[in-house]
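No hydrogens, no waters, no symmetry mates; every other heavy atom, side chains included, goes into these values.
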Amino acid sequence: MITLKDIQTAVADMLKKNGYTVTANEVTQGFTKPTFFVDVLPVSTALQGKAYEMVTVSVELTYFPEIETREELVRMAENIKKIFLYESIPVQDRFLSTDEIVFDNENSTLLAYFEITFMQESGIQEKTYPKMKTLNTEVKQNNGTSTNNNSV
């Protein structure tokens with residue numbers, strides 16, 4: 001079963017593999033630029049029968065550039081597109097992908113949002129019931145009642 005932590009780790013690993021620094025979300029001050037922050041949040045989960053669920057998660061990348069210029073943000077948006085839109089993200093034994101990345105900027109930082117949707121086993125355990133040993137049936141007929149006692 002894929003967890004949010006698995007996806008966050010896989011996204012951070014892809015950034016690191018491409019030469020970027022990733023900082024833990026708990027750090028709010030004193031981090032070295034340039035760096036990425038990765039945040040993964042659940043969006044929805046829908047059952048697909050009893051055994052499977054369709055899961056959608058949102059990934060938010062926040063990029064703090066070393067040089068705060070618009071050109072740097074545009075360049076990094078292109079790099080993010082190459083890393084996450086054109087390549088699959090290896091998570092556990094699966095390869096997950098996204099179809100769209102939305103970009104924004106705020107206070108000289110680049111924000112990139114994308115969603116990942118995948119199907120996995122739901123983890124719902126089927127209930128087991130004890131086997132029936134005796135089956136008692138009663139059939140009503142016009143001429144009386146018949147009782148049948150079947151042992152298994």
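- In this model, no donor atom of one side chain and acceptor atom of the other lie less than 3.5 Å apart for Ser97 and Ser88.
- Atom-to-atom distance recorded for Leu61:CG and Leu15:CG is 6.0 Å, nearest 0.5 angstrom.
- Here Leu73 contributes atom CG and Leu110 contributes atom CG; the two are 5.5 Å apart, rounded to the nearest 0.5 Å.
- Distance check: Asp6 CG to Ile89 CD1 gives 12.5 Å after rounding to the nearest 0.5 Å.
- Taking CZ from Phe84 and CD1 from Ile116, the interatomic distance works out to 8.5 Å, rounded to the nearest 0.5 Å.
- Atom OG of Ser44 and atom CE of Met54 lie 9.5 Å apart (nearest 0.5 Å).
- Shown here is Leu41, whose CG atom has more than 12 heavy atoms of other residues, nucleotides or ligands within 6.0 Å.
- Partners of Phe31 under the ring pair (Phe, Tyr, Trp, His ring centres under 6.0 Å) rule, at least two apart in sequence or in another chain, are Phe37, Phe64.
- Taking 4.0 Å as the cut-off between side-chain N and carboxylate O, Glu72 and Arg75 count as a salt-bridged pair.
- Residues forming a side chain to side chain donor-acceptor pair (under 3.5 Å) with Gln120 (at least two apart in sequence, or on another chain): Glu53.
- If you take CD1 on Ile67 and OG on Ser108, they are separated by 12.5 Å, rounding to the nearest 0.5 Å.
- Panel note: side chain Gln8, backbone Val38; a donor-acceptor pair is recorded below 3.5 Å.
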